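My questions all concern the structure below.
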Amino acid sequence: MFKLFKYMKKETIPLIVLVVLLIFQVFCDLSLPDYISTIVNVGIQQQGIVDAVPETIRPYSMEQMQVFITDNDKQILHKNYMLISKDNLNEQQYHSMLAKYPILETDTLYIIKPEIGEATHAELNKIFTNGIMSQYIVQTGGDEMFASAKQQYMAGLTPEKAYELNSMSGIMFYQTLPQNVKNQFKLKINDQISNIPESMRLQISTAAIKEEYKAIGIDLNSMQMRCMFLSGMKMLMLTAASLIAVAIVTLLAAKISASLTQKLRFRMFSKVLEFSGQEMNKFSTSTLVNRTSNDVQQIQTFMPFMLRFFLYSPLIALGGIIKVVSTEVDILWVVLVSLVVIFSSSIFVMIFVMPKYDLLQKLLDKLNLITRESLIGLPVIRAFCTQKHEKKRFDDKNIDFTKLNLFINRIMSCLMPFTMFIMNMTNLLVLWAGSDGVNKGTLQVGNVMTVMQYSIQIIMSFFMLTIAISMYPRAAISAKRIMEVLDTTISVKDPKIPIEFNESKKGEVTFENVCFKYPGAEENVLSNINFTAYPGQTTAIIGSTGSGKSTLINLIPRFYDVTEGKVMVGGVSVKHVKMKDLRDRIGYVPQKAMLFFGTIKSNIAYGDDITQEQVAKSAKIAQAEQFIMDKQDGYDFGISQGGSNVSGGQRQRLSIARAIAKDPQVYIFDDSFSALDYKTDNDVRKELKKATTNATVIIVAQRVSTILNADKILVLRNGSIVGQGTHRELLKDCEVYREIAESQLSKEELENV
């Protein structure tokens, strides 16, 4: 699968942009639950009070709070707070402050200086938290804490003094103690503070600040709404940014995927065009079509999922786990167990399903093969009335394909409900574990909601990753099948250092001790073939079916390479010249005439920039002009796929005209006149003789009448030349040729030649 990445080099910049946007999306998505926590904890529960640092505090409260802090902490407070009153403010400042702090009309206030930094703010938070918590502990447990101390101090006091001492609050009694005793109580108080969870400390501190703000007259409702509004706006901005990132990532993933599949299709098509007969025998036509279409489509479907979720899901899972740990909610084990279960199920599905996808693609190949054969062989099927047989053959493979597809889809369809079950169970466990903390006061509701959001994000990211992983097996099989084509070594290719043709031997074709056998075969198809075909002459090749005639001429344009010996064109071995240069000198007419979708003109010209006059001339030589002009559109008459809308003889004549229009140095006719009637055959050969006076003509024929006037006739039998000469010479000297001639011509026809 990953071998395909080498075809994405031009998409490096979009890939980098995609990765950056995915990281940005992860940041946005992981930030959202924090704002939910802020809205619930700070906005709703704490009425907009973030921490223990008050923006303003009354002098009395400042004095009470300073009872339990060190002298150094007191200096820090006085350094960062300033005392304001009606007397030290100008009229504009006073009215502005009075609107915010109504108590300023009758009292003075400490307000925090605006220029303090984050470090100072954190230090102040620690000081105020320590002071407020100390007050809380003394107020709630002071009687028990100071009981022994009070008894010690009341000994020897008058009843009035003892009553006064006993009626003192914890804080007032603490202030009467000597410094050394205060220090002892401070240690006890600090120990108790350290045993209180941080979330509870925050709640107690903010509750104290809230009461202070109420006494000052601050509008807590406005503060609460402002906090929730700002958090909500930030959430909206992050959501919008995440949506934009998702849209761009989706667009880039689709673009990269489409670009990759376009390259794959083009490279596969280009590769197949370079295949020799050896490679074409390795792959069937149906599988090549399927690999170029269906397999590439599987890659195009899978790539966007891979690009989006193979990076996003692990990042969101890792970030979510870190966030869960930072919330101090002791339920990380729940999330980890859920991830292990989901990931294990994904791996199981991939291992179990992947081999099935390989079989599925092979069944699809067979289904395409049967469909292709049935469509091409439709006349034969109808002629033999084998429709039922073909239906059964198709239906058997179709049922096998359907059953396997259903089996795979049933397994894959279980992933969604299974993942939803795990996600819901995870949320239940989070609520169960979190509610206990909320009940004990060690955890805030917002933290539980945040963990639930993170767990949903983590599980859903792994669910999407599971979908991508579930698609991976089929995509991997398709990628393997694509790479099998792209990595196929071409057996017939251009030489590293090509040489030029010998113009003094222009058009000359020579076989020197040529032997050939098909790849994997044990015996030679051709053995010790030696002959030379000269320009201006017609060299014919005849022999029984399977004697190697077509194989022999396929060696000239290098459809195959010889096993031994060499084939030379223009005095040079065909292995030592560029194939394009070689094939530009050859006009080839195959045994089975093949026309392409288009017009008569486009088929005759076929890729060459030739004039209408050259097209018409070639058609006239090939005896195709008459039936072309009988068509309504003439040379613009539309040819359907494969030339199915013209007769076999017409296809053959157009195929011959295509070779003539090329004006090559060597003409190769592979039994190209068999579809023509005798008169047309004779007329074509007469005109062809006139048009090819300077070219080499090689004709493979089944009919002796086609090659009677050839300058040289080669007789093949079992891959060897058993006779060579003119028609008359072979009748005398070659028994094989004489048997062929006598089987086709009457005695009178033979004598009159």
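All of these numbers come straight from a predicted model, not from anything done at the bench. Keep in mind that the numbers below use all heavy atoms, side chains included, and drop hydrogens, waters and symmetry copies.
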Task: Partners meeting ring-ring contact (aromatic ring centres under 6.0 Å, His included) with Tyr560 (sequence neighbours left out) - done: Phe516, Tyr518
Open item on the list: Would the distance check show the side chain of Ser640 and the main-chain N or O of Gly643 forming a donor-acceptor pair, the cut-off being under 3.5 Å?
Closed with: no
Task: Ring geometry between Phe596 and Tyr606 (parallel below 30°, tilted from 30 to 60°, perpendicular above 60°) - done: parallel
- [ ] Mark yes or no for whether Ser672, through its side chain, and Asp670, through its backbone, hold a donor-acceptor pair below 3.5 Å.
- [x] yes
- [ ] Check each of Val646, Ile639, Leu595 against Ile600 using the side-chain contact (heavy atoms from CB on, under 4.5 Å) test, and report the only one that passes.
- [x] Ile639
Task: Validation row, ring centre Tyr588 to ring centre Phe559 under 6.0 Å - done: yes
Task: side-chain hydrogen bond (donor to acceptor under 3.5 Å, both in side chains): pairs with one or both residues in residues 373-382, sequence neighbours excluded - done: Glu373-Arg393, Ser374-Glu390
- [ ] Please check if the side chain of Ser257 supplies one atom and the backbone of Ala253 the other of a donor-acceptor pair under 3.5 Å.
- [x] no
Task: Contacts of Thr599 that satisfy side-chain hydrogen bond (donor to acceptor under 3.5 Å, both in side chains) - sequence neighbours left out - done: Ser602
Open item on the list: Determine whether a donor-acceptor pair (N or O, by modelled atom type, separation under 3.5 Å) exists between the side chain of Ser344 and the backbone of Val340.
Closed with: yes
Open item on the list: Taking NZ in Lys362 as the centre, count heavy atoms belonging to other residues, nucleotides or ligands within less than 6.0 Å. Is the count above 12?
Closed with: no
- [ ] Report the C-alpha distance between Thr261 and Arg265 in whole Å, list the side-chain angles of each, state the deciding distance to 0.1 Å, and finish with yes or no for side-chain contact (heavy atoms from CB on, under 4.5 Å).
- [x] CA-CA 6 Å; Thr261 51; Arg265 286 195 186 96; 4.1 Å; yes
Task: Heavy-atom pair of closest approach, residues Pro314 and Phe309 - done: CD-O, 3.6 Å
TODO: Give a yes or no answer on whether the side chain of Lys566 reaches the backbone of Val514 with a donor-acceptor pair at less than 3.5 Å.
DONE: no
- [ ] Would you check, one step at a time, whether the test side-chain contact (heavy atoms from CB on, under 4.5 Å) holds for Leu654 with Asn603?
- [x] CA-CA 8 Å; Leu654 290 175; Asn603 270 275; 5.7 Å; no
Open item on the list: Please list all pairs meeting salt bridge (charged side-chain N to carboxylate O under 4.0 Å, His left out) that have one or both residues in residues 280-292, counting only residues at least two apart or in different chains.
Closed with: Arg291-Glu484
Open item on the list: So, using side-chain hydrogen bond (donor to acceptor under 3.5 Å, both in side chains) as the criterion, who are the partners of Asn294 when residues are at least two apart?
Closed with: Gln361
- [ ] Kindly say whether Lys391 contributes a backbone atom to a donor-acceptor pair with the side chain of Asp395 at under 3.5 angstrom?
- [x] no
Open item on the list: Taking salt bridge (charged side-chain N to carboxylate O under 4.0 Å, His left out) as the cut-off, I'd like each qualifying pair that reaches into residues 543-558, sequence neighbours left out, listed once.
Closed with: Arg558-Asp561
TODO: Give a yes or no on whether the backbone of Ser461 and the side-chain of Ser313 come within a donor-acceptor separation of less than 3.5 Å.
DONE: yes
Task: Sidechain-backbone polar pair: Asn528 side chain, Asn513 backbone, donor-acceptor under 3.5 Å - done: no
Open item on the list: Tell me if the CE atom of Met268 is crowded by more than 12 foreign heavy atoms within 6.0 Å.
Closed with: yes
Open item on the list: Quick check against the 3.5 Å criterion: does Asp584 have a side-chain atom that pairs as donor or acceptor with the backbone of Met579?
Closed with: no
Task: Sequence neighbours excluded - side-chain hydrogen bond (donor to acceptor under 3.5 Å, both in side chains) pairs with any residue from residues 396-412 - done: Lys392-Asp396
Task: Test item: side-chain donor near acceptor, Ser491 and Glu279, under 3.5 Å - done: yes
Open item on the list: Can you list everything that forms a ring-ring contact (aromatic ring centres under 6.0 Å, His included) with Phe401? Sequence neighbours excluded, please.
Closed with: none
TODO: Among Leu22, Val26, Leu18, Ile316, find the residue that satisfies the side-chain contact (heavy atoms from CB on, under 4.5 Å) test when tested with Leu311.
DONE: Leu22
Open item on the list: Once salt bridge (charged side-chain N to carboxylate O under 4.0 Å, His left out) is applied, what residue pairs with a partner in residues 295-306 remain, sequence neighbours excluded?
Closed with: Asp295-Arg481
Task: Partner residues of Thr426 under the side-chain hydrogen bond (donor to acceptor under 3.5 Å, both in side chains) criterion, sequence neighbours left out - done: Ser338
What side-chain donor-acceptor pairs closer than 3.5 Å can you find for residues 6-15, not counting sequence neighbours?
unit_1, atom_1, unit_2, atom_2, d
Glu11, OE2, Ser259, OG, 2.8
Thr12, OG1, Lys9, O, 2.5

Task: All pairs passing salt bridge (charged side-chain N to carboxylate O under 4.0 Å, His left out) where residues 514-529 contributes a residue, at least two apart - done: none
